[in-house]
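One structure is given here, and the rest of the page talks about it.
All values below come from the heavy atoms of this structure, side chains included, with hydrogens, waters and symmetry mates left out. Note that the structure is a prediction, hence the values are computed from the model and not measured.
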Amino acid sequence: MRIAAATLVLALLGAATALVLALRTSRDPTPNALRACAQRAGAKRVTGLDRLGPLRVDLLRGGLRETDRRALDRGDQAVLLAPADRAYRVLVLVSARRPARDVVATLGRAPETLALVAYAVGPRAERRLAACLSPDSTDSRGASRPDAVVIRLRPRT
């Protein structure tokens, strides 16, 4: 009887451990505040090389530059990119799980490996995307301001 009880306890502990590990590894790598801010406004998503839009020309010319970088929770980093003429802005989330040493090169080579890529066009693009990175991007209720739409990309396996 004691052996059966000990086996049952071990099985329950194993199941609980497996559940905790599954929940931790399947957790969305996009920080909640950034994702909430992103889902309420108007940037376009980049899902692969064929969806680069206006970024393609600047990536080929080497004209896309990093304008801001912020460290986020759990080692993730949010990066803002812009071309020389500042016609648009690009918001990129680099996951700590899949770090990219050179964000611009990774964007031109394999954007689907980045956790998050979106661009906004127009004179207000910088303000809209930068607001998603500011510490005050949430209001007093914890709801994010509508600044940019950024779609989380899942890496291909």
Determine whether Leu55 and Leu49 fall in the same hydrophobic cluster, where Ile, Leu, Val, Met, Phe, Trp and Tyr are linked whenever their side-chain heavy atoms lie under 4.5 Å apart. yes
Spacing of Gln77 atom CD and Leu72 atom CG [to the nearest 0.5 Å]: 8.0 Å
Same apolar cluster (I L V M F W Y, side chains within < 4.5 Å links), Val117/Val57: no
Give every donor-acceptor pair under 3.5 Å between a side-chain atom in residues 78-94 and any protein atom, sequence neighbours left out.
{"unit_1": "Asp85", "atom_1": "OD1", "unit_2": "Ala87", "atom_2": "N", "d": "3.1"}
{"unit_1": "Tyr88", "atom_1": "OH", "unit_2": "Asp58", "atom_2": "OD2", "d": "2.6"}
{"unit_1": "Arg89", "atom_1": "NH1", "unit_2": "Arg86", "atom_2": "O", "d": "3.1"}
{"unit_1": "Arg89", "atom_1": "NH2", "unit_2": "Glu126", "atom_2": "OE1", "d": "2.9"}

Say whether Leu60 and Val103 are linked into one hydrophobic cluster, either directly or through other cluster members, by side-chain heavy-atom distances under 4.5 angstrom. no
Applying salt bridge (Lys or Arg N to Asp or Glu O under 4.0 Å) as the test, list every pair that has at least one member in residues 59-69; sequence neighbours left out. Glu66-Arg69, Asp68-Arg70
Which atom pair, heavy atoms only, marks the closest approach of Arg51 to Arg56? N-NH2, 4.5 Å
Less than 4.5 Å apart, any side-chain heavy atom of Thr106 and any of Pro111? no
Identify every side-chain donor-acceptor pair in residues 1-22 under 3.5 Å, counting partners at least two apart or on other chains, and give the distances.
{"unit_1": "Thr7", "atom_1": "OG1", "unit_2": "Ile3", "atom_2": "O", "d": "2.7"}
{"unit_1": "Thr17", "atom_1": "OG1", "unit_2": "Leu13", "atom_2": "O", "d": "2.8"}

Ser95 and Asp76 have their tightest heavy-atom pair at CA-OD1, 3.4 Å
If you look at every heavy atom in Leu52 and Tyr119, which pair is closest and at what distance? O-CE2, 4.1 Å
